Amino acid sequence: MKSEPSVYSLQDLAQAPGGTAAWDGVRNYQARNFIRDQMQPGDLAFFYHSSCAQPGIAGIMEVVSQPYPDPTALDPADEHYDPKSDPANPRWYVVDVRYQRALSEVIPLARLKQCPELAQMPLLRRGNRLSVMPVTPEQWRYILTLEC
DNA sequence: GCCAACGTTGGC
DNA sequence: GCCAACGTTGGC
């Protein structure tokens, strides 16, 4: 799950009450589908820092809620408000995530790209712009071996 | 700041 | 339903 650290970083999540926050503001249908249809409490996720000096995987968090409608989409005062989202038929979804730990060092995108084992990851596909995407168990385990 | 890649919008 | 124009993402 990607976030720009200048907007919301792993450290921000760590300092949130209970280390927990709603992963809100996702406004892409494919990413929405992953949240709404695939995520369950107990799932783990990498926190990826994008659009920054060192893009890469910064830490690990846990999904701690079922998917539910994104409240920011229904709040006219919120910058992520979507007037086309209907409370009776919500268009956008969130899950709550809880900080688990930071990696010993950020695993840079450039390092991930060097690994043939990870070539199939959507994250590494050319032109990928998804902010939420799946990681296979094999990819997950392999990435953790890159942590020194 | 540049620009490639992609998603969305809207005219037809 | 097509597709050009536009906006956004995100690495570099």
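All chains are named by letter (A, B, ...) in the order of the sequence lines, taking the proteins before the strands, and each is independently numbered beginning at 1. Just so it is clear, the model here is predicted, and its values are computed rather than measured.
- Using a 30° and 60° split on the angle between ring planes, A:F47 and A:Y8 fall in the parallel class, below 30°.
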For this session: Before giving the answer on salt bridge (charged side-chain N to carboxylate O under 4.0 Å, His left out), spell out for A:E147 and A:R101 the whole-Å C-alpha distance, their side-chain angles and the decisive distance to 0.1 Å.
Result: CA-CA 13 Å; A:E147 186 186 20; A:R101 70 180 180 90; 2.9 Å; yes
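- Looking at heavy-atom distances under 4.0 Å, A:S51 makes contact with a base.
- With a heavy-atom cut-off of 4.0 Å to chain A, the contacted part of DNA chain C has its first and last nucleotide at C:dG7 to C:dC12.
- One finds the CG atom of A:L130 at 4.5 Å from the CD atom of A:Q30 (value rounded to the nearest 0.5 Å).
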Mind listing the side-chain donor-acceptor pairs of residues 54-70 of chain A below 3.5 Å, one per line with the distance, residues two or more places apart or on another chain?
{"residue": "A:S65", "atom": "OG", "partner": "A:D96", "partner atom": "N", "Å": "2.8"}
{"residue": "A:Q66", "atom": "NE2", "partner": "A:Q40", "partner atom": "OE1", "Å": "3.4"}
{"residue": "A:Y68", "atom": "OH", "partner": "A:D96", "partner atom": "OD1", "Å": "2.6"}
{"residue": "A:D70", "atom": "OD1", "partner": "A:T72", "partner atom": "N", "Å": "2.8"}
{"residue": "A:D70", "atom": "OD1", "partner": "A:T72", "partner atom": "OG1", "Å": "2.7"}
{"residue": "A:D70", "atom": "OD2", "partner": "A:G25", "partner atom": "N", "Å": "2.9"}
{"residue": "A:D70", "atom": "OD2", "partner": "A:R27", "partner atom": "NH1", "Å": "2.9"}
{"residue": "A:D70", "atom": "OD2", "partner": "A:R27", "partner atom": "NH2", "Å": "3.4"}
{"residue": "A:D70", "atom": "OD2", "partner": "A:T72", "partner atom": "OG1", "Å": "3.3"}

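- Remark: aromatic rings of A:Y29 and A:W92 are close, center separation under 6.0 Å.
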